[in-house]
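As structure tokens, the structure follows; a few thoughts come after it.
Just so we're on the same page: letters track the sequence lines, and every chain starts at 1.
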Amino acid sequence: MASNLVQITRRGFGETMRKDGWWWQSLAVFLGFSAFIVYSTWAAFQGAHYTFGPYLSPMYSPLIWEAAGQPLSTHSWLGAWPSWMPNLPLPITPAFLILWAPGGFRFTCYYYRGAYYKAFWADPPACAVGEPRHEYRGEKKFPLILQNIHRYFLYVAIAFIGILAYDAIAATQFKDGFGIGVGTIVLTINVILLGSYTFGCHSLRHLVGGGCDVLSDKPVRRGLWNWVSKLNKRHMLFAWMSLFWVGFSDFYVRMCSMGIFTDYRIF
Amino acid sequence: MVDYRTEVSEGMVVLDAVHQIQAESAPDLACRWNCKAGKCGSCSAEINGKPKLMCMTRLDTIDVTKPVTIEPMRAFPPIKDLISDISWNYEVKKRIKKFKPRPPDAADGTWRMQQSDIDRVQEFRKCIECYLCQDVCHVLRDHVKHEEFIGPRFLVYSAALEMHPLDTEDRVDELKDEFGIGYCNITKCCTKVCPEHITITDNAIIPLKERVVDEHYDPLKKLVKLFRRK
């Protein structure tokens, strides 16, 4: 191995010869993720205004139990909030019982990893820009070695897509029968975008066929691999669109429930 | 850093400007180049801080009203002016297990494989070994992990071998331990600078990381494999 590697000079934090606006992309990612984290945390703590008629906010779906003090809706799987649930200094809502799954899926997602390592940890701040730390463990050691759990979050995320698809269908069942409101479209777009993001996952691409060197004799796996690969090419786009739309879907249901928005029926 | 002035004319690339400077004012200015067509991978440098091929960077894409900086690749030890010592890369390549095909399919010593199976690794064979991906990789550039990490170029090379339909060699354990694939934190800088537009991260590194997960971090997969063997 070359012994003259000591001659490589490291640059200081933010030091670069780049003359373009290298910082804007990391800043945009930082602001985008921060905005979503702040909003979703706030929405999760509310424990109210997460349903409106046949609509259920995706941040509360699946609704295992109705939130404490909320009237029983048709969306709840197991009925009212159980009395045996411990009282903690911070209120627990139904959202906290389920948000770990999509949160974990996104946190360990290959696209998001690269994006937040740059935006939140400056590792690196941008390509060919100096870093703040000389110590580096990458994903080779604890704690980031745990990112390898991604495929297990994928399995749960796929189940969530089924549940959200059911929610979108249920959003057509109004008190007076079948109908389509703006909320139905919002929730349908939500599951389409989330599905496009989830089914374009790098781990899924590997599991359906990427792990095989010969796919020509496995037509089903080859077809699936081609299909996932097509979605995978736009994984970043769907990651952002679905993130925004989940937040917007919750916001829409919340605003309707609070009486601020009127949910127009298309038919 | 040394300042040079030269006249820019229509259609010039950065390498033309360097050659013009050599002719006009600095005959000893060291610069490595060969084909001038973006295929030999010799003239890699950092132009205004971005790793690029000098022969493929047109000056009309750069603001020449301000000084243009040209530096050697920073992930390797400097030799002189625009030349760095890239010999470390050749040493790394020698450490990767060579292609080991299965026994021939036909009596004449030839093999049969489907085009669709080889299409996937064909992309990796476009690599011109310019080492721009190695240069921009922060694991090498900023953390100098040359002893523990082989870099994007050789992860692509490993992927080309590992995913080849005829290859029977297993490189997964080396990728995890000796070649440090876990150091890659998927910033995709290597993909962004590749002059051959190889989708390094998505098509080579992440699939290899997933193969490492199969072998070392997925208990369910191990269990399935155990039952299949029985």
Side-chain angles (χ1 to χ4, degrees), chain A residues 1-2 4-11 16-20 22 110-111 113-115 117-118 121 123-124 126-131 133-141 144-152 155 202-203 205-207 210-217 222 229 232-233 235-236, chain B residues 46 48-51 63 66 69 71 74-78 85 87-88 91-92 113-114 116-117 120 135-136 138-149 162-165 167 180-189 192-193 199 201-202 206-207 209-214 216-218 220:
Chain A
M1 203 58 60
N4 54 354
L5 293 172
V6 287
Q7 294 172 28
I8 297 171
T9 49
R10 294 171 175 186
R11 281 191 159 141
T16 181
M17 295 305 281
R18 282 181 66 171
K19 293 176 179 175
D20 57 333
W22 56 265
Y110 283 104
Y111 162 67
R113 273 144 72 175
Y117 289 144
K118 281 198 232 176
W121 200 242
D123 209 358
C127 302
V129 177
E131 297 185 18
R133 291 166 295 274
H134 289 322
E135 279 289 305
Y136 183 73
R137 297 154 71 98
E139 297 183 340
K140 202 170 157 52
K141 291 174 184 162
L144 294 180
I145 199 168
L146 295 176
Q147 301 279 28
N148 291 312
I149 203 171
H150 183 54
R151 62 178 60 172
Y152 284 91
Y155 303 143
H202 290 89
S203 287
R205 189 179 181 221
H206 171 78
L207 292 166
C212 301
D213 297 337
V214 178
L215 280 175
S216 55
D217 57 352
R222 188 178 154 200
S229 296
N232 183 262
K233 280 185 182 164
H235 200 48
M236 180 182 84
Chain B
E46 298 191 11
N48 279 349
K50 286 185 173 179
D63 181 5
K66 292 172 188 160
T69 62
E71 296 171 283
R74 298 185 63 91
F76 308 111
D85 177 7
S87 59
W88 169 80
E91 298 303 316
V92 170
M113 57 184 172
Q114 297 298 311
S116 61
D117 291 325
R120 188 176 173 198
D135 180 44
V136 81
H138 73 125
V139 182
L140 300 173
R141 180 190 183 88
D142 291 305
H143 300 293
V144 198
K145 295 276 185 194
H146 296 68
E147 302 288 340
E148 299 165 71
F149 181 59
E162 196 61 23
M163 296 175 190
H164 196 287
D167 183 67
I181 194 169
Y183 279 121
C184 170
N185 68 344
I186 329 148
T187 58
K188 296 199 179 184
C189 294
K192 284 178 193 157
V193 300
T199 321
T201 319
D202 291 310
I206 294 175
K209 272 179 171 262
E210 284 293 315
R211 287 180 186 218
V212 171
V213 175
D214 278 349
H216 296 277
Y217 304 114
D218 186 351
L220 206 64

Looking at [options], which makes the most heavy-atom pairs under 4.5 Å with chain A?
| options | value |
| --- | --- |
| B/Leu220, B/Ile186, B/Val212 | B/Ile186 |
| B/Arg120, B/Gln114, B/Glu148, B/His164 | B/Arg120 |
| B/Met113, B/Lys192, B/Lys188, B/Lys209 | B/Lys209 |

**Asked** Under a 4.5 Å heavy-atom cut-off, does chain B meet the side chain of A/Leu207, its backbone, both or neither?
**Response** side chain
**Message:** Using heavy-atom distances under 4.5 Å, tell me whether A/Asp217 contacts chain B through its side chain, its backbone, both, or neither.
**Reply:** neither
**Prompt:** Counting heavy atoms not belonging to A/Leu144, are there more than 12 under 6.0 Å from its CG?
**Reply:** yes
**Pair A/Glu131-B/His143, side-chain hydrogen bond (donor to acceptor under 3.5 Å, both in side chains): steps then yes or no** = CA-CA 9 Å; A/Glu131 297 185 18; B/His143 300 293; 2.6 Å; yes
When you measure from the side chain of [X] to the backbone of [Y], do you find a donor-acceptor pair of N or O atoms at a distance under 3.5 Å?
| X | Y | answer |
| --- | --- | --- |
| B/Asn185 | A/Gly138 | no |
| A/Lys118 | B/Thr187 | yes |
| B/Arg211 | A/Gly210 | yes |
| A/Arg222 | B/Ser116 | no |
| A/His202 | B/Asp202 | no |

**Prompt:** Can you check side-chain hydrogen bond (donor to acceptor under 3.5 Å, both in side chains) on A/His134 and B/Asp142, steps first, answer last?
**Reply:** CA-CA 7 Å; A/His134 289 322; B/Asp142 291 305; over 6 Å; no
**Message:** Assess whether a salt bridge exists between B/Glu210 and A/Arg205, defined as any Lys/Arg side-chain N lying under 4.0 Å from an Asp/Glu carboxylate O.
**Reply:** no
**Request:** Output yes when B/Asp63 and A/Lys19 qualify as a salt bridge under the 4.0 Å nitrogen-oxygen rule, no when they do not.
**Result:** no
Which bit of [X] is near chain A, if near means a heavy-atom gap under 4.5 Å: side chain, backbone, both or neither?
| X | answer |
| --- | --- |
| B/His216 | neither |
| B/Ile181 | neither |
| B/Asp135 | neither |
| B/Lys145 | side chain |

**Request:** Enter the distance from B/Asp218:CG to A/His150:NE2 here, rounded to the nearest 0.5 Å.
**Result:** 12.5 Å
**Asked** To the nearest 0.5 Å, what is the distance between OH (B/Tyr217) and CD1 (A/Ile145)?
**Response** 3.5 Å
**Request:** Only counting residues at least two apart or in another chain, list the ones meeting salt bridge (charged side-chain N to carboxylate O under 4.0 Å, His left out) with B/Glu71.
**Result:** A/Arg11, B/Arg74
**Prompt:** What's the shortest heavy-atom distance between B/Gly49 and A/Ala128, and which atoms?
**Reply:** O-CB, 3.5 Å
**Item:** ring-ring contact (aromatic ring centres under 6.0 Å, His included) involving A/Tyr117 - partner list, sequence neighbours excluded
**Value:** none
**Request:** Take the angle between the ring planes of B/His138 and A/Tyr136 and call it parallel below 30°, perpendicular above 60°, tilted in between.
**Result:** perpendicular
**Request:** Determine, step by step, whether A/Arg18 and B/Lys50 satisfy the side chain to side chain contact (heavy atoms under 4.5 Å, CB included) criterion, reporting the C-alpha distance in whole Å, the side-chain angles of both residues, the deciding distance to 0.1 Å, and the verdict.
**Result:** CA-CA 6 Å; A/Arg18 282 181 66 171; B/Lys50 286 185 173 179; 3.8 Å; yes
**Message:** Checking A/Asp213 against B/Asp167 for the side chain to side chain contact (heavy atoms under 4.5 Å, CB included) test, could you report, in this order, the C-alpha distance in whole Å, the side-chain angles of both residues, the deciding distance, and whether it holds?
**Reply:** CA-CA 9 Å; A/Asp213 297 337; B/Asp167 183 67; 6.0 Å; no
**Item:** B/Val144 and A/Arg10, any side-chain heavy atoms less than 4.5 Å apart
**Value:** yes
**Request:** Output the option from A/Asp123, A/Thr16, A/Asn232 having the highest count of non-hydrogen pairs under 4.5 Å with chain B.
**Result:** A/Asp123
**Options A/His235, A/Arg133, A/Arg151, A/Gln147, ranked by heavy-atom pairs under 4.5 Å with chain B, top entry** = A/Arg151
